[in-house]
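Down below is the structure, laid out as C-alpha cells.
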Amino acid sequence: MAASFAELWSELLPFGRDELTGGYRRYSWTQADAACRDWFARTATGLGLRTDCDRNGNLWAWWDDGASGRAVATGSHLDSVPDGGAFDGPLGIVSAFAAIARLRASGFRPARPIGVAAFTEEEGGRFGVACLGSRLLTGTIDPAVARDRFDSGGVSLADAMRAAGRDPELLGADEDLLADLDCYVELHIEQGSALDGLGAAVGVGEGIWPHGRWRFDFAGRADHAGTTRLADRRDPMLPFAAAVRAARIAAAASGALATFGKVVAEPGAANAISSAVHAWLDARAPDEAGLDGMVEEIAAAAAAAAVEHGVGLELRQESFTPLVSFDPSLRDRLVGVLAAAGMQAPVLPTGAGHDAGVLAARLPTAMLFVRNPSGVSHSPAEHAEPADCEAGVTALAAVLADLAGQ
Ligand code: GLV
Ligand code: MN
Ligand code: MN
C-alpha cells in the first residue's frame with residue numbers, strides 16, 4: 001500500500017477542500033470529516049495497525065503486536081478552521097503513519113505500544129470549543145455541556161454525533177485510556193516563521209501561551225437605516241466596534257494578541273440597523289495575569305459603549321487553556337534524539353493551541369514543529385516544503401524509536 005509521506009499526503013488532500021477558495025472545510029461529524037476518518041481507518045489498516053474510536057469520537061491506530069506497557073502516543077487532528085490550510089493538523093497524522101511505515105520497513109519492533117490519534121474538533125470550527133475531543137477525554141469539559149453545544153445551523157453536538165452513528169451519551173473522561181498512555185508527542189506545522197529565521201527544518205515546543213475564547217452578544221433594536229434618527233438608534237454594531245478597537249489597543253499595550261475573527265450580525269440586512277451582533281474574541285498572552293487584564297479591559301470598553309448606545313451585552317467564556325509548559329525532561333530527550341540524528345532543533349514557544357496542551361495536564365507531552373516558510377496558518381496559503389515534511393517524518397521516526405524502543 002501507499003506509505004511514503006508524499007503518497008499518504010496526496011491521498012488525504014482532496015477531502016473537504018473548497019474548489020473556489022482552495023481552503024479546507026473539515027468540520028467535525030460532517031461528510032468531509034467522515035471521508036477523513038475513512039482515510040485514517042484505511043491507512044492504518046493498510047499499515048497493519050489496529051484501529052479504534054474512543055468514547056469521545058477520537059480515532060486511534062495502534063501498533064501493539066508483541067508490545068507491552070503504556071503507549072507512546074502521537075498524532076494531531078484532521079478538522080480545519082473555515083478555509084484552513086492543508087497542514088494544520090493533518091501534517092501530524094500523515095507524518096505519524098509515514099514514520100511508522102519507515103520504522104516497520106527498517107525492521108524496528110516497538111517494545112511498548114505506539115498509538116496514533118486523530119482528535120475530534122481541535123479547532124472548534126463547528127461547535128465552538130477548541131480541542132473538544134481532548135478536553136472530553138481528559139474531563140476538562142462537562143459532557144452535558146458539550147452535548148448541548150450548537151453549530152451555526154442549530155444542530156447540537158449530540159444530534160450531529162447521532163447522525164454520524166456515534167452515541168453522545170458515551171462522552172466523558174476516559175481514565176482507562178489515559179492510564180494506557182505514557183506520553184504524547186504531537187508533530188505540527190509551525191504557525192509562525194521562527195524556524196525559517198533560524199534556518200532549521202524542525203523545532204521542539206517549549207510551551208503554549210494561555211489562551212481562550214469569549215462570546216460577546218450585543219442586543220440592539222432593528223430599525224430602518226434610511227429613516228431612523230441617529231439619536232433614536234440602539235445599534236449593537238457600535239459597541240461591537242468599540243470592542244474591536246479596544247482589543248487592538250489592549251493587545252498592543254501588553255505584548256499580547258486579541259482577535260475578533262468571527263462576527264454574526266442579525267438579521268444581516270444592508271439597509272437595516274442590526275437587532276443583534278454576536279462576536280467571538282480570541283485572546284492570548286504570555287501569562288495568565290496579562291491575559292485576564294487584557295480581557296477585562298476589552299470587556300469594560302464593550303460594556304461602556306453598550307450602555308452609551310442603549311444596547312444589552314452578555315459576555316461568556318467559551319473555552320480556556322492555561323499556560324502550558326511541555327514536560328522539560330521529555331523535551332530535552334527529544335532535542336537529544338534529534339541532535340544524535342544530526343538535526344539541530346531549536347526550542348520554541350507558541351501562541352497556538354494544540355491537543356498536546358490539553359493532554360499536558362494529565363501526561364508528559366511534547367511537540368515537534370516543521371518549518372513554515374511564510375509563517376502563514378489558518379489560511380489556504382499555509383505551506384511546508386516537501387523536504388521539510390520529510391525531515392519531520394525523520395524526526396518523528398527517531399523520537400518514536402527512542403521512546404518506544406527497548
Ligand atoms: C488552534 O490552531 C488555535 O490555536 O486556535
Ligand atoms: Mn489550527
Ligand atoms: Mn492544529
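These numbers were taken from a predicted model, which means no experiment stands behind them. Index from 1, following the sequence. Counting starts at 1 for both ligands and their atoms, in listed order.
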Notebook entry, point to check: Can you tell me if His188 has an N, O or S atom under 2.8 Å away from the Mn ion (ligand 3)?
Noted result: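 True for His188.
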Margin query: For His354, which part has a heavy atom under 4.0 Å from ligand 1: side chain, backbone, both, or neither?
Written below: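 Neither; no heavy atom under 4.0 Å.
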Check: Should the proximity of His77 to ligand 1, defined as any heavy atom under 4.0 Å, be assigned to the side chain, the backbone, both, or neither?
Finding: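 The answer is neither.
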For the 3.5 Å polar cut-off, considering only N or O atoms, please tell me whether [X] and ligand 1 meet it.
X	value
Arg213	no
Gly353	yes
Glu123	yes

Next item on the list: Classify the ring geometry between Tyr184 and Phe119 as parallel (under 30°), tilted (30 to 60°) or perpendicular (over 60°).
Entry: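 Perpendicular: the ring planes of Tyr184 and Phe119 meet at over 60°.
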Note to self: Quick check on His211 - does any of its heavy atoms sit under 4.0 Å from an atom of ligand 1?
What the structure shows: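 No heavy atom of His211 comes that close to ligand 1.
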Margin query: How far is atom 5 (O) of ligand 1 from the closest protein heavy atom, and which atom is that?
Written below: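 Answer, as residue, atom name and distance: Arg284 NH2, 2.8 Å.
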Notebook entry, point to check: Among protein heavy atoms, which sits nearest to atom 2 (O) of ligand 1, and what does the distance come to when rounded to 0.1 Å?
Noted result: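 Minimum-distance protein heavy atom for atom 2 (O) of ligand 1 reads His378 NE2, 3.0 Å.
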Using only heavy-atom distances, determine whether the side chains of [X] and [Y] contain a donor-acceptor pair under 3.5 Å.
X	Y	result
Thr30	Arg25	no
Trp280	Glu318	yes
Asp83	Thr21	yes
Gln191	Asn372	no
His188	Glu190	no

Next item on the list: Write the atom name of the N, O or S atom in Glu123 that is nearest the Mn ion (ligand 2).
Entry: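 Closest to the Mn ion (ligand 2) among those atoms: OE2.
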Item checked: Atom name in Asp88, limited to N/O/S, at shortest distance from the Mn ion (ligand 2) ->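 Checking each N, O and S atom of Asp88, the shortest distance to the Mn ion (ligand 2) belongs to OD2.
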Notebook entry, point to check: Salt bridge or not for Arg233 and Asp223, using N-O below 4.0 Å?
Noted result: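 Here Arg233 does not pair with Asp223 in a salt bridge, since their nearest N and O are not under 4.0 Å apart.
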Next item on the list: Taking both backbone and side-chain atoms into account, decide whether Glu122 has an N/O/S atom under 2.8 Å from the Mn ion (ligand 2).
Entry: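 Glu122 does not place any N, O or S atom closer than 2.8 Å to the Mn ion (ligand 2).
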Check: Looking only at heavy atoms, what is the nearest atom pair of Glu288 and Pro322, with distance?
Finding: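 In terms of heavy atoms, the two residues are closest at OE2-CB, 3.1 Å.
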Notebook entry, point to check: Is the charged tip of Arg37 near the ring of Trp29: under 6.0 Å from the six-membered ring centre and within 45° of its axis?
Noted result: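 Output yes; distance and angle both within limits.
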Next item on the list: Identify, by atom number and element, the atoms of ligand 1 in contact range of Ala352, meaning under 4.0 Å from any of its heavy atoms.
Entry: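 Ligand 1 atoms under the 4.0 Å threshold to Ala352: 4 (O).
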